[in-house]
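Take a look at the structure below.
Side chains included, hydrogens not; waters and symmetry mates left out as well; all remaining heavy atoms used. Convention: sequence-line order gives letters A, B, ...; per-chain numbering from 1.
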Amino acid sequence: MLNELFTQKLSSADGKEKLAEYGGSYIRDRLREVSFVRKIIPPEQVTRADCQRSVNHDTLVKIVDVEPKSRAMAMSFRGQPTARFIRGPRAEIAFFTISSEMFQKTEQELLAYEMPITKIIEENSVKDIQEIEDREFIIHVEAAIQALQKEANGGIATALNWSQLTGAGVVEFSALKGELARSAGADDATVRPLQRPDVVNLFKSLDGKRLRCERLLFTEVDWDDILQWTVEDFGDRIQSETTVDGYKYNTLLGRPYVRTIKTDILRPGNVYAFTKPEFFGKFFVLNNTKFYIDKIANTITFQSWEDIGMSIINVAACKKLELYSGDANPTTDANALLTNFVPSDEDQLGAVNNRVDQGLKFPQISQF
Amino acid sequence: MSTVTQFNFEPLSDIMVTQRRDFALADKDLCDPQNAVALVDGEYTVINDSYKLVRATNIAAVGNAATQHSYPLFAERGRTDIRAMADKKMPIIFMGDFEADTRIFNAAVVVGSGAAITFAGQPLKVATITIGSRNYSGLVGHGGAADASPIVGRVTRLPAVNGGKLRYVKASHI
């Protein structure tokens, strides 16, 4: 019914507007979730006037100033301070587009659906777009972490795994292994449960650099291990509460956290810590999500997209905890396990859970 | 000899009828404008077995000819929208017919069984060419029936009467 209305509306003079109606029931394939990057770096709306054009091509960047250096000094009554010719670094943040697929269907075939398929796709597209935001963010964060890991290891990309930790050694500057991964006895992709000292060590990796951890990012899978913490970790009262209601506080050991179900983007075993956004990076929205729909003859086409820019400007403001003992450094990939630890390819995201197309539903009834 | 500038590939036909698709670069460094062998607009590319974009020819040596169907790059060197993306995707004209002006060609060179570019209507193929001080995957003259290389277009206007740019058409029937 809604699909019929949809096609009628598109045929009317003012019909290329969004349809607000919603109805029908259908089986959902998977949970969808809004962006987690937006909870770590809240997006700021910018306009063309805030941006710089390029003289080399038709693209836009926004230039962001970075705090200049300064210091004070103790001195005698007769001395004078050292001078500093002031210079503040600047960073360019470039914009790009994230788009849904271009969906197409004939109006006749649309009538074969009882669920509001166009409406569902439209709404899911927003979350699909935000999934890609998250994927871009995690890849940029990982690049920042590996850059400082390399610097801390004398400019040499060095594997971070159990073998290296117990052998030749590796500096854990931006990435560190969890307590159980350190004693794994082998380099593997098994994700060990998150321990309370792991979280504290992650805090210390930021807190010890004159920054402060203000946000943790977990997968739901790693979060579940917190529910296994014992009375020695939680104390009597919290343990009782957690057993009945789960852990229901907005902070863990005093720090806010974000949980995500997107385990194909943030892979289980990776826990990130971030500072406040003003010490970390920027997320700009040049154009909020736009929705385009058109009908040519009997074919309906629709698409949505947004234009954003995001950048990790202070690469020291993010740290990573690895709960597995294998190497997740993309340059070394010493254990050939990298695909377990990095985000899936874009076209692999959101793999289908149901097997209805393959005839897997029970009881297996089909009319003929 | 052509000259490479900021803009080297300009469509002259309606691009709405083409399918412009982004593919991730197999070598992400090729979108860095400081890279000595950075990709430039109008260079030809192919999609490798990993569904990623690579140059149509090995530019280590002049005269390497493309052996499979290739696609023109539709993005200028160093575009920031490309560099902002984690996967460094670059757009190519993937499907559809078009006419364009390009600076990424060498009219004089003869590659394999090819021929110098001398007349309108002449078929074109892709090979490694030198323009200035570096090599590109660009257009050269196709030799006709004796030439086994894929034809990617036909000359519509010779550089001598087109401000030094080669005008060509890629159409499904050629």
Go through chain A and chain B and list any donor-acceptor pairs closer than 3.5 Å, backbone and side chains both.
residue	atom	partner	partner atom	Å
Asn56(A)	OD1	Gln6(B)	NE2	3.2
His57(A)	NE2	Gly78(B)	O	3.0
Thr59(A)	OG1	Thr80(B)	OG1	2.8
Arg135(A)	NH1	Asp87(B)	OD2	2.8
Arg135(A)	NH2	Asp87(B)	OD1	3.4
Arg135(A)	NH2	Asp87(B)	OD2	3.3
Glu136(A)	OE1	Ala86(B)	N	2.6
His140(A)	NE2	Ala84(B)	O	3.3
Glu346(A)	OE1	Lys89(B)	NZ	2.4
Glu346(A)	OE2	Lys89(B)	NZ	3.4

Under 3.5 Å side-chain donor-acceptor pair for Asp128(A) and Ser125(A): no
For the residue pair Leu266(A) and Phe218(A), what are the closest heavy atoms and their distance? CD2-C, 3.7 Å
Measure across Cys31(B) and Ile82(B) and return the closest heavy-atom pair with its distance rounded to 0.1 Å. CB-CG2, 3.9 Å
Under a 4.5 Å heavy-atom cut-off, does chain B meet the side chain of Leu60(A), its backbone, both or neither? backbone
Just so I know, are the side chains of Leu124(B) and Val140(B) near enough to count as touching, which here means a heavy-atom distance under 4.5 Å? no
Flag side-chain contact, heavy atom, 4.5 Å: Asn270(A) against Leu321(A): no
With sequence neighbours left out, write down each residue that passes ring-ring contact (aromatic ring centres under 6.0 Å, His included) with Phe36(A), or none if nothing qualifies. none
